[in-house]
Amino acid sequence: QAQLVESGGGLVQPGGSLRLSCAASGNIFSIGNVHWYRQAPGKQRELVAAISRSGSTTYADSVKGRFTISRDNAKNTVYLQMNNLQPEDTGDYCCYADIKADRYSGYRTSWGQGTQVTVSS
């Protein structure tokens, strides 16, 4: 069973930057698509960014030009670089990934516990 652990959240002033990490461990043969979601209090969870195994990326319109998703397959880690953060970026950021435990199994989705990002002056 694979586990995902997010890190890098915290309190930052508007205009500041943070880099989130989503690290996978456990039984991992291959990691496919990885997504970052966020959820603010009282709001629905929204997709922030996603990256395929080959490196293709997609972003929510609200973060385009400010956030960058990347991955290091050798480290089983995906990053979310967030620049020019604004109060509306505040939320709990979670990653989920499609993971194969071995060459014969299919991809299964694993979720992390989340990391809190607060943007406030």
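Side chains included, hydrogens not; waters and symmetry mates left out as well; all remaining heavy atoms used.
Taking CD of Glu46 as the start and CH2 of Trp36 as the end, the distance is 14.0 Å to the nearest 0.5 Å. Between Asn76 atom CG and Ser25 atom OG the span is 8.5 Å, to the nearest 0.5 Å.
Closest approach of Ala50 to His35, counting heavy atoms only: CB-CD2, 3.5 Å.
Remark: Lys100 is positioned above the aromatic ring of Tyr107, its terminal NZ or CZ atom under 6.0 angstrom from the ring centre and at most 45 degrees off the axis.
Of the residues listed (Asn27, Leu4, Thr109), the one engaging Ile99 in a side-chain contact (heavy atoms from CB on, under 4.5 Å) is Leu4, and it is the only one.
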What verdict does the side chain to side chain contact (heavy atoms under 4.5 Å, CB included) test give for Leu18 and Leu85, after you've listed the backbone C-alpha separation in whole Å, the side-chain angles of each residue and the deciding distance to 0.1 Å? CA-CA 8 Å; Leu18 287 173; Leu85 283 160; 4.0 Å; yes

Taking it one step at a time, do Glu6 and Leu20 satisfy side chain to side chain contact (heavy atoms under 4.5 Å, CB included)? CA-CA 7 Å; Glu6 301 96 335; Leu20 306 184; over 6 Å; no

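Hydrophobic clustering of Ile, Leu, Val, Met, Phe, Trp and Tyr side chains at less than 4.5 Å, counting indirect connections, keeps Tyr79 apart from Val34. Grouping the Ile, Leu, Val, Met, Phe, Trp and Tyr side chains by contacts below 4.5 angstrom, directly or via other members, places Tyr96 apart from Val48.
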Output a table of donor-acceptor pairs, distance under 3.5 Å, between side-chain atoms of residues 111-121 and any protein atom two or more places apart or on a different chain; print 'none' if there are none.
| from | atom 1 | to | atom 2 | distance (Å) |
| --- | --- | --- | --- | --- |
| Thr115 | OG1 | Gly9 | N | 3.1 |
| Gln116 | NE2 | Gly91 | O | 3.4 |

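Between Arg53 and Asn73 there is a side-chain heavy-atom pair separated by less than 4.5 Å. Residues Phe67 and Asp89 form a side-chain contact, since some pair of their non-hydrogen atoms from C-beta on lies under 4.5 Å apart.
Remark: the Tyr93 side chain and the Arg38 side chain contain an N/O donor-acceptor pair separated by less than 3.5 Å. Using modelled atom types, one finds no donor on one side chain facing an acceptor on the other under 3.5 Å when comparing Asp72 with Thr77.
Residue pairs meeting the disulfide bond (SG atoms under 2.5 Å apart) criterion with at least one member in residues 48-121, sequence neighbours excluded: Cys22-Cys95.
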